[in-house]
Amino acid sequence: MTTEITDIAPSTPHLPLVQQDAWLAPYEPVLRARLERLEQRLQEINQQYGSLTKFASAHQRLGLNYDSRRRGYWFREWAPAAQGLFLVGDFNQWDRQATPLQRGQDGVWEIFLSDKEYGQRLTHGSRYKVHVVTQKGGKDRLPATLRRAVQDEESKDFAAQVWRPEAPFTWTDQKFRIPNFVREPFIYECHVGMATEEGRTGTYLEFAENILPRIQALGYNCIQLMAVMEHPYYGSFGYHVANFFAASSRFGTPEELKHLINEAHNRGIAVLLDVVHSHAVKNEAEGLADFDGSGGQYFHEGERGNHPGWDSKLFNYGRPEVQQFLLSNLRYWLEEFHFDGFRFDGVTSMLYHHHGEGVGFGHYDQYFGPEVDDDAILYLQLATTLVHDCKRSALLIAEDMSGMPGLCRPISEGGVGFDYRLGMGIPDYWIKLLKHTRDEDWNLHDLWYVLTNRRAGEKTVAYAESHDQALVGDKTLAHWLIDAAIYTHMHKDDPDPVVARGMALHKLIRMLTLALGGEAYLNFIGNEFGHPEWVDFPRQGNEWSYQFARRQWSLSTNPELKYQYLLAFDKAMVTTARNRRLLAAGPAHELNIDSNNQVLIFERAGLLFVFSFHVDRSVFDYRFFVPQAGRYRIILNSDDAQFGGFQRVDDGLTYETFVEDGVNKLSLYVTNRTALVLQRIG
């Protein structure tokens, strides 16, 4: 569907989104058409189901659900084009004809399994599948809304598992409220399986016991959990999802995931799920592809249903049953596991028919023309509405590299309803700079532009690197900066110049990204201390090795190694930003860009930030304008000895402004490759 652009009646007040950005005026009819379509769909849902929340309850009907009133299990499956469905499992010796389902008019098949007949056979831990007969033949499939999938160690085959523990999990997180603990998000992106130092898959319980205390001590107030939704191939990093309602059994039980989230909440840490609604695994044995034999059902038919770059299936967001499936999925994770919001993966792929593949975004026409998938826009608006209906303070982050206007503005203003977008251009810029430009040639004006160029009124998550930059074939920032010396010259007494340069720039890059880049900040697990090497999961190509699918925590705690200094700086940096409400303070104000001395100075949240990127020049009596007269002191210095620096500046000094050329100025000793943060004390 493509909406034609027409003139707006002169008397019609502009949408707030357009009021803020006059360049959007020609596209206001498209924005209004999106709002009208959303309102129409919500009216249909309310008339048919009573509310959006009730609509998002497919998981309470579909799949295996226990009926305490009738005392037995209902099993239901949506498969409108199927010719027959049979429930099979160890409860009926996997007899594919023994337990047939009956088809309803809405394409939902069902059967009731009473305790009287099945109570001793269909028990907690039982394994089952649904046998689907189509015009192409019969196949054993995993139910679409199964809550737990387990893999047989020998055959590697996945099956659904009945999960009904004797006692439900007891939550103790009632006092946790997102606004009370997360005024601005400091996000720790993490993966439970790779969070152990040993060459194996880590568990939910180990993460709760060993990693959450580290995250809390560093000052991060959010964790973003990757790879939670069940996926058959571990090496996909969790992005080829097969079972959308199942918490991955690789890491433990659903109760153990709940324990992790409960423990995080009791430590004042919000938990975001890295949700993948942009595509699904193409595997038929484990996933949803061609479930009812129609060639579509959950996904678009034909080539439109295949992602050209990801080797996966693409959802048909315009189909009501698919909307209901995905919306129910969001409600399920919020309510069953107490997640505090979502980081939506692959939003760019959802928004456009071309999925962003090989497309550069340089004109507003691209956000409102025929390339846009209006069904996806509608689904995302429904999703953000639902999430905020279920949990008003939930956090919603969009991974979008296109920069679609309004994506992170309220729907009532003409937006899509996300709270934050990932600042994806920032890490790309840092990697490009490190790969292709000598330190001496860094352009501070370009750097300032990249880190401050974001849409007004739309919040950005700034980050210097995430899991994307750590994947095999690329390198972390620490590895780009230090290269092979990261293995041989990290002893605390080693004066190696490559390491000295790398550590100094590592601190500057991360501090500048946090201070300039957005209204939230993200770090990938282990990168806070300069974790060496890339990330690569066990696979045939590396002989199923865990060498690069783990975190070497001992490096950061070894008193003989320099990793400890990067860890200490990260903690000080995050603590300073949180204490000063830096990310809530609005955009920074440029005070000085000195290309000759490679010095960048700006103000944000009442703090002065002084960065020197010069390779060797340190300047005594460096004078610069400050907006407020008074006395200042240094509250963070990347060159401190505790951060592995050379302690060239005395943090105990007080600096007083003076008038020169009719303006207030400060004078500092600005040392090369150093970041200073100053606070006015009177």
Side-chain angles (χ1 to χ4, degrees), residues 188-202 206-207 210-211 214-215 218 224-227 233-239 250 274 427-428 430-436 463-492 494 496-507 509-510 513 522-570 644:
Y188 198 86
E189 183 185 36
C190 44
H191 185 288
V192 167
M194 61 178 285
T196 177
E197 188 150 357
E198 300 172 32
R200 58 177 177 82
T201 304
E206 289 172 328
F207 191 96
N210 302 325
I211 311 306
R214 293 181 62 98
I215 297 169
L218 285 169
Q224 181 178 297
L225 288 180
M226 307 175 65
Y233 180 44
Y234 190 40
S236 75
F237 226 141
Y239 289 118
R250 281 186 184 86
D274 196 344
D428 290 346
W430 285 124
I431 294 297
K432 182 179 178 181
L433 198 64
L434 293 175
K435 281 183 179 180
H436 303 296
Y463 60 106
E465 54 184 337
S466 68
H467 72 273
D468 282 328
Q469 285 70 46
L471 294 175
V472 65
D474 210 325
K475 299 179 183 180
T476 62
L477 279 179
H479 215 157
W480 276 113
L481 288 163
I482 303 176
D483 205 32
I486 206 165
Y487 301 111
T488 55
H489 292 286
M490 290 296 285
H491 191 276
K492 67 175 185 177
D494 190 329
D496 183 77
V498 172
V499 172
R501 174 240 182 204
M503 288 186 58
L505 288 179
H506 193 272
K507 290 179 285 187
I509 287 170
R510 295 168 71 83
T513 300
L522 178 142
N523 163 67
F524 179 64
I525 181 171
N527 286 357
E528 68 276 6
F529 65 84
H531 199 284
E533 301 169 342
W534 49 85
V535 175
D536 186 18
F537 286 89
R539 55 186 174 87
Q540 190 171 8
N542 63 17
E543 298 181 348
W544 306 104
S545 170
Y546 283 86
Q547 173 65 27
F548 302 112
R550 62 194 182 102
R551 295 287 89 176
Q552 300 179 59
W553 303 111
S554 60
L555 295 175
S556 68
T557 56
N558 189 330
E560 299 301 312
L561 299 179
K562 292 183 178 180
Y563 297 99
Q564 62 179 308
Y565 301 134
L566 296 180
L567 183 71
F569 181 77
D570 196 84

Problem set entry | Side-chain touch Leu477/Leu434, heavy atoms, less than 4.5 angstrom | yes
Problem set entry | Check: Ser545 main-chain N/O paired with Asn542 side-chain donor or acceptor under 3.5 Å | yes
For this session: Please identify each residue that fulfils side-chain hydrogen bond (donor to acceptor under 3.5 Å, both in side chains) with Asn523, with sequence neighbours left out.
Result: Arg510, Glu528
Exercise. Under the salt bridge (Lys or Arg N to Asp or Glu O under 4.0 Å) test, which residues partner Glu533, sequence neighbours left out?
Worked result: none
Problem set entry | Heavy-atom check, side chain of Gln469 versus side chain of Trp430, under 4.5 Å | no
Exercise. Is it true that a side-chain atom of Glu543 and a backbone atom of Gln540 form a donor plus acceptor pair closer than 3.5 Å?
Worked result: no
Exercise. What residues form a ring-ring contact (aromatic ring centres under 6.0 Å, His included) with Tyr563, not counting sequence neighbours?
Worked result: none
Exercise. Looking at side-chain heavy atoms only, is the closest gap between Lys507 and Leu566 below 4.5 Å?
Worked result: yes
Exercise. Are any of the side-chain heavy atoms of Arg539 and Asp536 separated by less than 4.5 Å?
Worked result: yes
Exercise. Does the ring of Trp480 carry Lys475 above it, NZ/CZ under 6.0 angstrom from centre and within 45° of its axis?
Worked result: yes
Exercise. Sequence neighbours excluded, which residues qualify as side-chain hydrogen bond (donor to acceptor under 3.5 Å, both in side chains) partners of Glu560?
Worked result: His491
Problem set entry | Non-neighbouring partners of Arg501 that pass salt bridge (Lys or Arg N to Asp or Glu O under 4.0 Å), sequence neighbours left out | Asp439
For this session: Quick one: list whatever passes side-chain hydrogen bond (donor to acceptor under 3.5 Å, both in side chains) with Thr196, sequence neighbours left out.
Result: none
Exercise. Taking only residues two or more places apart in sequence, or in another chain, which ones meet Asp494 in a salt bridge (Lys or Arg N to Asp or Glu O under 4.0 Å)?
Worked result: none
For this session: Output all residues satisfying side-chain hydrogen bond (donor to acceptor under 3.5 Å, both in side chains) with Glu206, sequence neighbours left out; order by chain, then residue number.
Result: Arg200, Thr203
Exercise. Taking side chain as C-beta onward, heavy atoms only, is Glu198 less than 4.5 Å from Arg550?
Worked result: no
Exercise. Taking only residues two or more places apart in sequence or in another chain, which ones pass side chain to side chain contact (heavy atoms under 4.5 Å, CB included) with Ile482?
Worked result: Ala485, Ile486, Met490, Val499, Met503
Problem set entry | Side chain to side chain, Met194 and Phe548, heavy atoms closer than 4.5 Å | no
Exercise. ring-ring contact (aromatic ring centres under 6.0 Å, His included) between His479 and Tyr487: does it pass, once the steps are laid out?
Worked result: CA-CA 10 Å; His479 215 157; Tyr487 301 111; 5.7 Å; yes
Problem set entry | All ring-ring contact (aromatic ring centres under 6.0 Å, His included) counterparts of Phe207, not counting sequence neighbours | none
Exercise. Taking only residues two or more places apart in sequence, or in another chain, which ones meet Phe524 in a ring-ring contact (aromatic ring centres under 6.0 Å, His included)?
Worked result: none
Problem set entry | Non-neighbouring partners of Arg214 that pass salt bridge (Lys or Arg N to Asp or Glu O under 4.0 Å), sequence neighbours left out | none
Problem set entry | Sidechain-backbone polar pair: Trp553 side chain, Ala195 backbone, donor-acceptor under 3.5 Å | yes
Problem set entry | Under 3.5 Å donor-acceptor, Glu189 side chain and His467 backbone | yes
For this session: Indicate the ring-plane relationship of His191 and Phe537, choosing parallel, tilted or perpendicular according to the 30° and 60° boundaries.
Result: tilted
Problem set entry | Distance-only donor-acceptor check, side chains Glu197 and Ser554, under 3.5 Å | yes
